[in-house]
Amino acid sequence: MSEATLETHSFQAEIKQLLDLVVHSLYTDREIFLRELISNASDSMEKLRHLQGTEKDIHDAELPLEIHITTDKEAKTLTIADHGIGMTRGELVENLGTIAHSGTKAFLTAMKESGNSPANMIGQFGVGFYSAFMVASEVQVHTRSWRENGEDLVWTSDGTSGYSIEEDKDLQRGVKIVLKLKEEHEEFSDEARVKHLIERYSNFVGFPILLNGERINQVEALWLKNKSDVTEEEYKAFYEFACHAYNDPAYRLHFAADAPIAINALIFVPDENMERLGMQKTEPAVALYCKKVLIDPSPKGLLPEWMRFLKGVIDSADIPLNISRETMQDSALVRKLGSVISKRVIKMFEKEAEADPEKFQAFYRKFERFFKEGVATDYPNRDALAKLLRFESSMTEDGKLSGFADYLARAKDGQDKIYFLVGPSRTQLESSPYVEAFKARGLEVVYFTDAIDEYVIESLGEFDGKKLVSISHAGVELEDNEAEGDALGAEETEQLCAFLKDNLGERVTTVASGKRLVDSPIIALVPQDGMTPQMRRMMKAMDENFEDEVKVELEINPRHPLVKKLAEAKDKDPELAKLVASQLLDNALISAGLLDDARDTVKRMNALMEKAMG
Ligand code: ADP
């Protein structure tokens, strides 16, 4: 290694930040670095196995695909070597000096803010290699690429500001990582300690792992075994290994089928939703295998996109080994596979939700966005998925969720609709005038409080043949409710409606007396073809110049004292009556979330108060 070949580089700013965090903030779980390095070695050999199918010229082609780990107590080093694809000079710079993932910044902030176990997050975000610096004061990466024109190189760094790359010699294909252990982490040069770690974390690596020459792991495809032959500990270990997880999964699905396609699947549902924590969109992580050979670790289009939070393995002996990622999505077989499995997954959720509703509720709160996305986008599974939607309603306790099936079980005989209202929070919906009449008649109203709910419900349309109806829309018929006090006479009501229509102008299409209201004098309804307040808000958020004329139908409550007084006032004191009428309209628009500009409202309020005080 001559001085002349030495190249020095600085780490990209994000890497420095990352290293700082990894080295100084992650005090617990330092031992996971070994799992990360072994997993990189294994990935690299998977890649090599793929190349063997397509490339003729692979350097050192005959080398066995094994991982060799050696401990040296004297020298205080730990070495992890593989015969994978290795790296060229360019790849060293690209892979070990920069972070390509756009989510790194999000990772950094989320790490600082969330109470999540760092170990759990490291694997999810591909910062695996850098975890070596948690225990090493210096890391050397000796590498020879699989390419015939590759070089023997060594990358060296102390993990602070940068690294160097020098020529090396006599290397075999692959990567050999030498960790010079920090004094306080010398334990990782102890054979027994390292053996224990391999057994714990890497038992399921698909390549032999040898520690100081002795074979450690059992290469085992758990998903091909019979359910009854797998212990809870094995499942847990597999989940930790294959899914880079440290905590228990929320749910698990392990099944085998022969028809219509041969399938062995072992799927885990994690207990945390990384997207919810502000991370980038999760990549599909249910790997596709054919008879234990990995086809694609992250197959796009195999399962519906909303299922991207699932982890695990699908193995199908019917999938051609040489299927490429490009042709996969066009393959009828793969589509069939995806459809069979997604149905099983949804069934599993249904069963679990029934078996332990509270657990499902807690899970649902973290993952609801996925289920809603599914309802809106996964047409073949829409109806099955709708059964999994959960919400609060006028009949649920605060904080308790219910589903449409339960809603229908509670519904009155002959009720052929499911009523809902969309708004920012339960408290607001609860006090909204729209809900009054439904409550008074014992009709349950579903409360939707998520910004995307409206869109989701619109695309769903109905549940079990019952139409989903927004109670803020006009055209909802309710039975008369007699116990609601003396009403204004028919003729007076008609005159009052005409007076209001004449005086309120363009914003009001019709004024009628109605049965919805109990405690409020007036309500604004969006015409059946009109845009709801939530849609308007969304349009405005997307386009600041968005403008539309708000047009509503007014419904007055002929039993309300204010309405009765107004009917008198329109003849006795028309000026006051006009002011009150305009104010009532604004009040109704405010309740509906449709008042954009409150300047006139305030002026009018002042005028009214002046009058009231004489
Ligand atoms: P990740 O493995 O999640 O991509 P890492 O930080 O662990 O992130 O590794 C960064 C990159 O370095 C990998 O994507 C890979 O390209 C390369 N790399 C790491 N270890 C090896 C190895 N043993 N053999 C070949 N390439 C490797």
Side-chain angles (χ1 to χ4, degrees), residues 9 11-12 14-19 21-23 26 32-51 58-60 63 65-69 78-104 107-108 118-136 139-147 150-155 157 159 163 165 171-179 201-202 205-207 209 241-245 274 279-280 282-283 285 287 294 297-298 311:
H9 299 256
F11 284 123
Q12 191 189 34
E14 272 98 353
I15 295 273
K16 279 187 210 166
Q17 241 181 311
L18 190 66
L19 276 165
L21 198 71
V22 166
V23 176
L26 311 186
I32 61 111
F33 78 92
L34 185 61
R35 184 197 65 180
E36 296 301 318
L37 297 182
I38 291 178
S39 144
N40 280 350
S42 164
D43 287 351
S44 171
M45 294 200 293
E46 291 279 8
K47 287 179 193 155
L48 191 94
R49 194 141 69 182
H50 258 269
L51 288 175
I58 293 179
H59 184 74
D60 281 344
L63 286 174
L65 295 183
E66 294 170 348
I67 299 170
H68 287 264
I69 299 178
L78 175 66
T79 303
I80 297 117
D82 64 66
H83 292 313
I85 56 176
M87 284 178 269
T88 61
R89 192 179 284 267
E91 285 164 347
L92 273 176
V93 174
E94 171 77 23
N95 297 340
L96 305 185
T98 62
I99 292 191
H101 320 275
S102 58
T104 310
F107 166 77
L108 290 168
N120 201 10
M121 300 179 81
I122 279 189
Q124 309 245 10
F125 289 89
V127 293
F129 169 77
Y130 302 98
S131 63
F133 291 103
M134 294 198 292
V135 298
V139 176
Q140 290 177 357
V141 180
H142 303 263
T143 183
R144 171 68 167 85
S145 162
W146 66 278
R147 294 171 196 279
E151 301 166 82
D152 289 354
L153 298 168
V154 54
W155 178 104
S157 174
Y163 57 92
I165 298 177
L171 298 185
Q172 291 184 311
R173 186 199 67 229
V175 162
K176 182 170 86 178
I177 297 181
V178 182
L179 308 183
Y201 296 129
S202 305
V205 170
F207 299 95
I209 301 176
F241 157 69
C243 309
H244 291 224
M274 303 308 280
M279 301 298 162
Q280 81 235 69
T282 310
E283 291 290 321
L294 181 65
S298 179
K311 317 255 180 215

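Indexing begins at 1, ligand by ligand and atom by atom, following the structure's order. All values below were derived from every heavy atom in this structure, side-chain atoms included, with hydrogens, water molecules and symmetry-related copies excluded.
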As a check for students: among Met87, Lys176, Glu94, Glu91, identify the option with a heavy atom nearest to atom 18 (N) of ligand 1. Met87

Nearest non-hydrogen atom to atom 15 (C) of ligand 1 belongs to which of Ile85, Asn95, Ile80? Asn95

Output yes when a side-chain donor or acceptor of His83 lies under 3.5 Å from a complementary backbone atom of Arg173, and no otherwise. yes

Judged by atom type as modelled, is there a donor-acceptor pair below 3.5 Å linking the side chain of Thr143 to the main-chain atoms of Gly174?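 Yes, because the side chain of Thr143 sits within donor-acceptor range (under 3.5 Å) of the backbone of Gly174.
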
In terms of the angle between their ring planes, are Tyr130 and Phe11 parallel, tilted or perpendicular, with boundaries placed at 30° and 60°?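 The rings of Tyr130 and Phe11 stand perpendicular, inter-plane angle above 60°.
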
What I want to know is whether Ser44 and ligand 1 share at least one N or O pair that is separated by under 3.5 angstrom.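 In this structure, Ser44 places an N or O atom under 3.5 Å from an N or O of ligand 1.
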
Any N or O of Asp82 closer than 3.5 Å to N or O of ligand 1: yes

Once rounded to the nearest 0.5 Å, what's the spacing between atom CZ of Phe33 and atom CG of Leu78?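 So the gap between those two atoms works out to 5.5 Å.
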
Check each atom of ligand 1 against the heavy atoms of Leu96 and keep those under 4.0 Å away; list them by number with element.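 With Leu96 as reference, the close atoms of ligand 1 come out as 12 (O).
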
Given Met45, which of Ile85, Leu63, Asp82 fulfils the side-chain contact (heavy atoms from CB on, under 4.5 Å) condition?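 For Met45, the side-chain contact (heavy atoms from CB on, under 4.5 Å) check succeeds only for Asp82.
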
